[in-house]
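The structure under discussion appears below in the form of structure tokens.
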Amino acid sequence: MDVKRRSVLMAGAAGAAGVAGVLGGVTRASAATIQGAQPTGQQAPSSESLRDLAAAIGLRVGSAIIDQDLDTPAWAAVAASQFSVVTPGNDMKWQVVEPTQGVFDWTGADNLVAFAKANNQLVRGHTLCWHNQLPDWLTTGVANGTISSSQLSGLLQRHVYTEVGRYRGRIWQWDVCNEFLTDTTPSQIDPNNFWIANAGPGIIADAFRWARQADPQALLFYNDYNIGGEDGTNAKFDAAFALAQQLLGEGVPIDGIGIQGHLDTQYGWSPQRLQADIEQFASLGLKVAITEADVRTFVNNATDQVPTDNLAQFAQPFEFSEMMKAALAVPELISFTVWGFTDADSWVPGTFTGEGYATIYDVNLNPKPAYLALQSDLALAAKGAPRRVRTYMPPA
Ligand code: XIL
């Protein structure tokens, strides 16, 4: 039953078309390309931006961003002013960076890393070893037997060395391994996962070791969904906890756990349990990050994304706020990232039929109640939430 918040992934359906961007202060597209992306409402004053409020306790607030988002000046302005950490939503995935074997395209990743630097933001690298958004040449080669198990392992090693090496010293956290656990009770490492089935169970530990070799200082994360605050058995948290313990016991270089945080108002969820789960991970000596927060609900249509249930308008910001409060309570929780900041660019309508309204800005880039809830949570936190633990920071 735990498939309910499953990330049903649609390779290639990369968000709605963004329009244009500010890169290092330079507007890349003409204003004529901006359509329907102008904010019609009042923007929060910059002194009360999410990033500035969170900075008071050393917390980083982030968003997933895709390169095309930066082509819309109004979007780029929000990305720059509200967030202090950037996750490339697609542009660092293997399918994007090496579409043909040996032919690399770092355009989007480079642009996002440059944007982050220009705006004094950190970067969460996402993601090195995942079963989705792999290049066709790789999956085809494995399927037709031209890529053997040991060759597959060697290809991942080279991929990790190439990508982590390219951005060495410029990435704060890497999502090294993503979504290896089953949605069953009990949960376990999925024996049918592409990497486990084809390269063997040692591939998780190997991926972390290779990442450490390629960038000795970046914080290395295991990232997954439904591993914090689950109602019911919390089975997937247990599996993630066991995996973390096992890796640490083997001396594998893992520094943190990423809790994705894809919620849906139609399902139960426990913020108290989320806080307890974060504390449990922290008790292992790990850092924790909320990496992909969004809260979806049923909507009238994918364009306007008006909730069909009146109560959803309250439940959506409430769940965002509860997630943030659980995060704020634990000093080892070092970053809180939303998976896209505007409904106009969310992966939700294209992935979950009939659902949307999942982010903190509406389709016209007006801040929603969820934005205001996070803003007031962070304003209160600045007056009393525990300061975040110190971590490695890439040189400015
Ligand atoms: C999603 C992107 O947002 C979409 O644009 C893409 O089509 C599919 O992937 N879990 C993850 C992210 O770790 O990488 C996924 O991102 C969302 C679920």
Side-chain angles (χ1 to χ4, degrees), residues 2-18 62-71 75 79 83 85-97 99 108-109 112 123-136 139 159 163 171 173-183 190 193-195 204 207 220-228 236 240 256-264 288-296 302 305 323 335-353 355-361:
D2 288 321
V3 290
K4 57 196 179 190
R5 281 199 288 280
R6 201 180 147 69
S7 308
V8 179
L9 300 158
M10 301 206 326
S63 180
I65 299 175
I66 57 173
D67 186 32
Q68 297 97 296
D69 292 341
L70 303 181
D71 294 335
W75 291 21
F83 303 102
V85 54
V86 168
T87 303
N90 283 313
D91 291 292
M92 286 187 169
K93 291 172 180 171
W94 199 342
Q95 185 182 59
V96 176
V97 301
L112 289 165
V123 179
R124 293 195 83 259
H126 176 84
T127 174
L128 298 167
C129 184
W130 187 31
H131 62 274
N132 266 317
Q133 292 180 280
L134 292 169
D136 286 345
T139 51
H159 170 64
E163 180 152 353
I171 304 292
Q173 309 172 16
W174 265 113
D175 286 332
V176 178
C177 289
N178 198 33
E179 301 182 349
F180 274 76
L181 299 173
T182 58
D183 297 306
D190 185 356
N193 173 281
F194 174 85
W195 291 103
I204 296 178
L220 306 182
F221 275 67
Y222 175 78
N223 191 51
D224 213 328
Y225 59 90
N226 290 3
I227 60 169
K236 210 167 165 185
I257 298 291
I259 297 172
Q260 291 185 1
H262 294 293
L263 303 185
D264 185 324
V288 189
I290 303 292
T291 55
E292 307 185 12
D294 55 14
V295 184
R296 62 185 184 268
Q305 298 185 47
M323 230 189 312
S335 60
F336 185 103
T337 293
V338 296
W339 201 246
F341 55 83
T342 161
D343 289 341
D345 180 40
S346 167
W347 72 306
V348 166
T351 308
F352 302 93
T353 307
E355 295 191 76
Y357 197 74
T359 75
I360 62 175
Y361 285 78

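We count ligands from 1, going down the list as the structure has it; atoms in each ligand are counted the same way.
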Under-4.0 Å heavy-atom contact with ligand 1, by part of Asn132 that carries it: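 No part of Asn132 is near ligand 1 at this cut-off.
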
Proximity of Asn90 to ligand 1 by residue part, where a heavy atom lies under 4.0 Å: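 The side chain, only.
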
Thr127 heavy atom under 4.0 Å from ligand 1: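 Distance cut 4.0 Å: Thr127 fails for ligand 1.
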
Distance in Å, [X] [atom1] paired with [Y] [atom2], rounded so as to fall on 0.5 Å steps:
X: Trp94; Y: Trp130; atom1: CH2; atom2: CH2; result: 14.5 Å
X: Asn178; Y: Asn193; atom1: CG; atom2: CG; result: 10.0 Å
X: Ile227; Y: Gln260; atom1: CD1; atom2: CD; result: 7.5 Å

No-hydrogen, no-angle side-chain donor-acceptor test under 3.5 Å, [X] and [Y]:
X: Gln68; Y: Asp345; value: no
X: Asp343; Y: Thr359; value: yes
X: Asn132; Y: Glu179; value: no

Aromatic ring pairing Phe352/Trp347, orientation class (parallel under 30°, perpendicular over 60°, tilted between):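 Ring orientation, 0 to 90° scale: perpendicular.
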
Closest to atom 16 (O) of ligand 1 (judged by heavy-atom distance), picking from Glu292, Lys93, Glu179: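 Residue with the shortest heavy-atom distance to the ligand atom: Lys93.
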
Do any N/O atoms on [X] end up under 3.5 angstrom from N/O atoms on ligand 1?
X: Trp130; result: no
X: Trp339; result: yes
X: Asn223; result: no

Ligand-side contact atoms (ligand 1) for residue partner His262, heavy atom cut-off under 4.0 Å: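 Matching atoms, with element in brackets: 18 (C).
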
For Gln260, the ligand 1 atoms whose distance to one of its heavy atoms is below 4.0 Å: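 Near Gln260, meaning under 4.0 Å from one of its heavy atoms, ligand 1 has 10 (N), 13 (O).
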
